[in-house]
Amino acid sequence: TNREVVIAGVAAVAVASAALWYCFKESYYTYVPLSYQYRPGTMTGYFSKVLAKHAKRRRRHRPIRVYMDGCFDMMHYGHANALRQAASLGDELVVGLIPDREILRCKGPPLLDEDERLELVESVKWVDEVLTGVPYDLTPEFVEELFTKHRIDYVIHGDDPCILPDGTDAYAYAKKSGRFRLIKRTEGVSTTDIVGRMLMCSRNNSRFVKPETRDLTKAFSMGTEATAAFSSDNDSDDGVTSPMDGEPNEKPTNAPGGAATPVEGVTPRKAAGVGVESRPVTVSRFMPTSRRIVQFSSGKVAPPGSRIVYIDGAFDLFHVGHVEILKAARQEGDFLLVGVHTDEDVTKRRGAHLPIMELHERALSVLACRYTDEVIIGAPSVITEDLLTTFNISMVVRGTMHEINDRTAASEDERYSMPSERGMLKYLNSPSSMTSAQLIQRIVKNREQFENRQEKKKASEKEYYLNDKAYVAEI
């Protein structure tokens, strides 16, 4: 009867269920490790571990590739930190280097040429691949090429605006595609700010605290007309230190470090007159933290018996000359230790207007270089036996291209007398003739163009800094 059939079916299902439960139970206790057998919260841990292993295997075969483009004119620590954050969002970081013609079209003249910028980007330890000749504006066609040809998963950019000449967002299509990731812009530095520092050979930090110096740096940070009035008021018969030759005039400067004096070779702009409307400006201030240094540090320790090579210097306005000499020094041993001199030591040797970048800014730029293993922040300018012994240094190297304006500072013979006496000093032929003074000279020769560039930058960012800027957590 139908009733008997139903009863038989239910009984069969019950028996089958019991058999399946028994088999599952035996398999569970046999194959699942004891530590992951069911207790409150343990099964999720087990499956999380299994999924993590699967994800790791998958990413070995198909790594997550992220893309970040930029001009990277002056490879300062702000650029390096942006690349570090971008690299943390994927397995491989692909950098798009915008060519000179595109920069000139959209922003103004670059300080470094394309080859110099390429070498600097390739030297950053977080970069895996560089694409050259990429467009400034990410058109839908180019973004699709990134996704297909170059297998890019996400496009990365900072939280600062990137506005095209027509006023549109350069990353609009990538955002619309859902494959855009935002990172925090590094506060306290920008290429525009560094150009402003070089224009006036001054920095806004604790060593230059006079109100007039701060006003001057603010003005050049965003290129305002207020600079004209300030420059005119301070134009001068006061002593000036040239950024090219470092030789002072006979009369003393009237500001600490010569910060508020005009630069030789630069014609101050005419005063705009009383009542000139003051434009909104930002001032870049570097705020060093222990976390930032840890983020940049490789955490490497020289293995026992390794050959430790030491090179020291100012490393101001980190450029291709620095990259190439660090690369050459690294090839001399197993571990490269770099000493970065204090601001005071650099000032004594090169003049009151230098360094442009303060100690921690310079140290971070050196730490970001792939050829550097460790950095001594605030290294002594005179190499002592204690320094050599403390860090177990096997060789001290020096490049043949360097900038010296020795007044009261220790002479070069005195600085390297100890390693020389011990037969540990080696001179390396500098592969590049680039110096920090040459970069300043480029700015001086093209001052009007760079001032116009800063005006364009200010106009595009004015609304952002006044109204739209919001907190973004750093990665």
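Computed from a prediction, not measured in an experiment: that's the story for all the values here. Computation of the quantities below employed the complete heavy-atom set of this structure, encompassing side-chain atoms and omitting hydrogens, waters and symmetry-equivalent molecules.
Proximity of a side-chain donor or acceptor of His76 to a complementary backbone N or O of Gly78 within less than 3.5 Å is detected. A donor-acceptor pair under 3.5 Å is formed between the side chain of Ser88 and the backbone N or O of Gln85. Proximity of a side-chain donor or acceptor of Arg349 to a complementary backbone N or O of Glu344 within less than 3.5 Å is not detected. Within the 3.5 Å criterion, the main-chain N or O of Gly321 finds no donor-acceptor partner in the side chain of Glu324. Listed for the Thr400 side chain is a donor-acceptor partner under 3.5 Å among the backbone atoms of Ser430. No donor-acceptor pair closer than 3.5 Å links the side chain of Asp73 to the backbone N or O of Pro110. The backbone N or O of Cys369 sits nowhere less than 3.5 Å from a side-chain atom of Ser123 that would complete a donor-acceptor pair. Listed for the Asp137 side chain is no donor-acceptor partner under 3.5 Å among the backbone atoms of Ala170. Judged purely by atom type and a 3.5 angstrom limit, Arg370 uses its side chain to pair as donor or acceptor with the backbone of Val124. When atom types are taken as modelled, the side chain of Ser297 and the backbone of Ile293 share no donor-acceptor pair closer than 3.5 angstrom.
Counting only heavy atoms from C-beta outward, the side chains of Leu336 and Val338 approach each other to under 4.5 Å. Two residues are said to be in side-chain contact when any heavy atoms from C-beta on lie closer than 4.5 Å; Asp69 and Val95 fail this criterion. Annotation: side chain of Leu111 is in contact with side chain of Arg442 (closest heavy-atom distance under 4.5 Å). With a 4.5 Å cut-off on side-chain heavy atoms, Asn81 and Phe296 count as touching. Between Leu387 and Tyr310, some side-chain heavy-atom pair lies under the 4.5 Å cut-off. Side-chain atoms of Ile440 and Gln438, non-hydrogen and from C-beta on, never get closer than 4.5 Å to each other. Put simply, the side chain of Phe318 reaches to within 4.5 Å of the side chain of Val323, judged on heavy atoms. Between Ser436 and Arg350 the shortest side-chain heavy-atom distance falls below 4.5 Å.
Electrostatic pairing of Arg330 and Asp373 counts as a salt bridge here, judged by a charged N lying under 4.0 Å from a carboxylate O. Ion pair Lys300/Glu374 not flagged as a salt bridge, since none of the NZ, NE, NH1 or NH2 atoms sits closer than 4.0 Å to an Asp/Glu carboxylate oxygen.
For the side-chain contact (heavy atoms from CB on, under 4.5 Å) with Phe335, the lone residue among Val301, Ile308, Asn392, Val309 that qualifies is Ile308.
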Exercise for the section: For the pair Arg65 and Asp128, evaluate salt bridge (Lys or Arg N to Asp or Glu O under 4.0 Å) and give the outcome as yes or no after the intermediate values. Expected result: CA-CA 10 Å; Arg65 288 166 60 85; Asp128 298 297; over 6 Å; no
Practice task
Could you please spell out the steps behind the salt bridge (Lys or Arg N to Asp or Glu O under 4.0 Å) verdict for Glu102 and Arg105?
Solution key: CA-CA 5 Å; Glu102 287 285 283; Arg105 176 178 68 89; 3.0 Å; yes
Problem - Pair Tyr416-Arg398, side-chain hydrogen bond (donor to acceptor under 3.5 Å, both in side chains): steps then yes or no - result: CA-CA 9 Å; Tyr416 294 94; Arg398 266 202 97 204; 3.3 Å; yes
Problem - Chi angles and distances behind the salt bridge (Lys or Arg N to Asp or Glu O under 4.0 Å) call for Asp312, Arg415 - result: CA-CA 11 Å; Asp312 64 345; Arg415 288 178 58 203; 3.6 Å; yes
Practice task
Would you please test Arg292 and His360 for side-chain hydrogen bond (donor to acceptor under 3.5 Å, both in side chains) and show each step?
Solution key: CA-CA 10 Å; Arg292 174 75 72 237; His360 288 88; over 6 Å; no
Problem - Pair Leu337-Ile376, side chain to side chain contact (heavy atoms under 4.5 Å, CB included): steps then yes or no - result: CA-CA 7 Å; Leu337 178 65; Ile376 301 176; 3.8 Å; yes
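Across all non-hydrogen atoms, the minimal contact from Arg179 to Asp153 is NE-O, 3.0 Å. A pairwise comparison of heavy atoms in Leu112 and Leu439 identifies CD2-CD2, 3.5 Å as the closest pair. What you find for Ala329 and Val397 is that their closest heavy atoms are CB-CG2, 3.7 Å. Across every non-hydrogen atom of Gly378 and Thr342, the tightest pair is CA-CG2, 3.7 Å. Nearest heavy atom pair, residue Tyr136 against residue Cys71, reads CE1-SG, 4.4 Å. Nearest heavy atoms, Val340 versus Phe315: CG2-CD1, 4.3 Å.
If you check the side chains of His341 and Arg362, you find no donor sitting under 3.5 Å from an acceptor. Under 3.5 Å, the side chains of Ser306 and Asp334 contain no donor-acceptor pair of N or O atoms.
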